[in-house]
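What you see is a predicted model; the values in this text were computed from it and never measured. Residue indices begin at 1 and follow the sequence shown.
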Amino acid sequence: MDCIIIGIAGGTGSGKSTFTNRLKERFSDDIAVIYHDNYYKRQDNVPFEIRKMVNYDHPDALETDLMVKHLEMLKNGEAVDCPVYDYSQHNRSDQTIHIEPRRIIVAEGILLLADPRLRDLCDIKIFVEADADERILRRIVRDVKERGRDLDNIVQQYLTTVKPMHYMFVEPTKATADLVINSGMNDVAFDIVQTKIRLLLEAGAHE
């Protein structure tokens, strides 16, 4: 199978997950999606209070070696069982997600384009950006509603790690992207990407 990997990166709350979810809804099982966030390192022997303070926005917090291996396997037509991260526990859960190889693989993550190995695996690289005030507001709403976080923890984490790491590791990767879009709800950008995916799927069907 001639697999095409589309990488979607961008800062926290930029809209990259929204964009990814729109692609999932549009193409359903015709594409597979793999999230860099699920590859945060396991911390079973680290106390919960310490896990809360870890810098999760630094590349070292992620087991990127495993994600690279999994993407290479998918490219080679092999299925993978990727880990699942539990945000409420700040640790990897015991569950896995079984992913079958597809013609189109969408890989998403804040630091996806920061690692040259992941970057080289991506055939199409997309960076989703948004103003900093929009991103922090979206992050607060998401972390309170979906991840069981309290406001004080969110603010402290944003100021001490999220914001500085964004400017150190995330923002510079915008220059490596093939396409930079200003919102996950940008319909023009979505139409361009979905048209490209449809053409790739049609070409794969005729191989």
Going through the checks in order, is the side-chain hydrogen bond (donor to acceptor under 3.5 Å, both in side chains) test met by Q194 and R26? CA-CA 8 Å; Q194 76 160 345; R26 169 64 180 82; 2.8 Å; yes
How far apart are the C-alpha atoms of L121 and E72, what are their side-chain angles, what is the distance that settles it, and do they pass the side-chain contact (heavy atoms from CB on, under 4.5 Å) test? CA-CA 8 Å; L121 280 168; E72 289 174 340; 4.1 Å; yes
Going through the distances and angles, do V128 and I8 end up as a side-chain contact (heavy atoms from CB on, under 4.5 Å)? CA-CA 7 Å; V128 185; I8 301 178; 4.0 Å; yes
For side-chain contact (heavy atoms from CB on, under 4.5 Å), just list the numbers for R22 and D187, CA-CA rounded to whole Å, side-chain angles, deciding distance to a tenth of an Å, and then say yes or no. CA-CA 10 Å; R22 292 179 72 188; D187 289 334; 2.7 Å; yes
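Screening K75, K196, R103 against D123 for a salt bridge (charged side-chain N to carboxylate O under 4.0 Å, His left out) leaves a single residue, K75.
Closest approach of G77 to P101, counting heavy atoms only: O-CG, 3.4 Å. Of all heavy-atom pairs between Y39 and H70, the closest is OH-ND1, 2.7 Å. For the pair C122 and G7, the tightest heavy-atom approach, listed with the atom from each and the gap, is SG-CA, 3.7 Å. Considering every non-hydrogen atom in both T176 and T173, the closest pair reads OG1-O, 2.7 Å. Between D81 and H98 the shortest heavy-atom distance is OD1-ND1, 2.8 Å.
Taking 4.5 Å as the limit, every side-chain heavy atom of M53 sits out of range of all side-chain heavy atoms of I50. Using a 4.5 Å heavy-atom cutoff, the side chains of R42 and N91 are in contact. A heavy-atom distance below 4.5 Å is not found between the side chains of I124 and L179. At least one side-chain heavy atom of R117 sits under 4.5 Å from a side-chain heavy atom of D65. Residues I31 and R102 have side chains not in contact (no heavy-atom distance under 4.5 Å, counting atoms from C-beta outward). Side-chain contact between E108 and N21 is absent, with no heavy-atom pair separated by less than 4.5 Å. I104 places a side-chain heavy atom less than 4.5 Å from the side chain of I4. In this structure the side chain of N38 never reaches within 4.5 angstrom of the side chain of Q95, judged on heavy atoms.
Once rounded to the nearest 0.5 Å, the distance linking OG1 of T195 with CG of L200 reads 11.0 Å. Annotation: the span from D37 atom CG to M67 atom CE amounts to 9.0 Å, rounded to 0.5 Å. For the atom pair C3 SG and M73 CE, the distance stands at 13.0 Å (nearest 0.5 Å). Of the inter-residue distances, the one linking K174 atom NZ with S14 atom OG reads 11.0 Å to the nearest 0.5 angstrom. Taking CD1 of I99 as the start and CG of L74 as the end, the distance is 6.5 Å to the nearest 0.5 Å. Atom CG of L23 sits about 11.0 Å away from atom OG1 of T18, to the nearest 0.5 Å.
Judged by distance alone, the side chain of K16 and the main-chain N or O of G109 form no donor-acceptor pair under 3.5 Å. The backbone N or O of L113 lies less than 3.5 Å from a partner atom in the side chain of R119, making a donor-acceptor pair. In this structure a side-chain-to-backbone donor-acceptor pair under 3.5 Å is missing from N76 to E78. At least one donor-acceptor pair under 3.5 Å links the side chain of S93 to the backbone N or O of V84.
In the hydrophobic cluster analysis, where Ile, Leu, Val, Met, Phe, Trp and Tyr join through side-chain heavy atoms closer than 4.5 angstrom, I105 is grouped together with I97. Neither M185 nor V188 shares a network with the other; the hydrophobic side chains, linked directly or stepwise wherever heavy atoms of I, L, V, M, F, W or Y lie under 4.5 Å apart, form separate groups for each. A continuous path of ILVMFWY side-chain contacts below 4.5 Å connects L159 to I140, so both sit in one hydrophobic cluster. If you chain together hydrophobic residues whose side chains sit under 4.5 Å apart, L137 and V155 never meet in one group.
In E171, the CD atom is crowded: over 12 heavy atoms of neighbouring residues, nucleotides or ligands sit closer than 6.0 Å. Crowding of K41 atom NZ: a count of heavy atoms from other residues, nucleotides or ligands under 6.0 Å exceeding 12.
Evaluation of the ring pair (Phe, Tyr, Trp, His ring centres under 6.0 Å) test over residues 14-36, restricted to residues two or more places apart or in two chains, returns F19-F190.
Grouped with V180 in one hydrophobic cluster are Y40, V54, Y56, L62, Y85, Y87, I110, L111, F127, M165, M168, F169, V170, the linkage being side-chain heavy-atom contacts under 4.5 Å among Ile, Leu, Val, Met, Phe, Trp and Tyr residues.
Using a 4.0 Å cut-off between a side-chain N of Lys or Arg and a carboxylate O of Asp or Glu, E49 and K52 qualify as a salt bridge.
Remark: D191 engages no residue in a salt bridge (charged side-chain N to carboxylate O under 4.0 Å, His left out) (not counting sequence neighbours).
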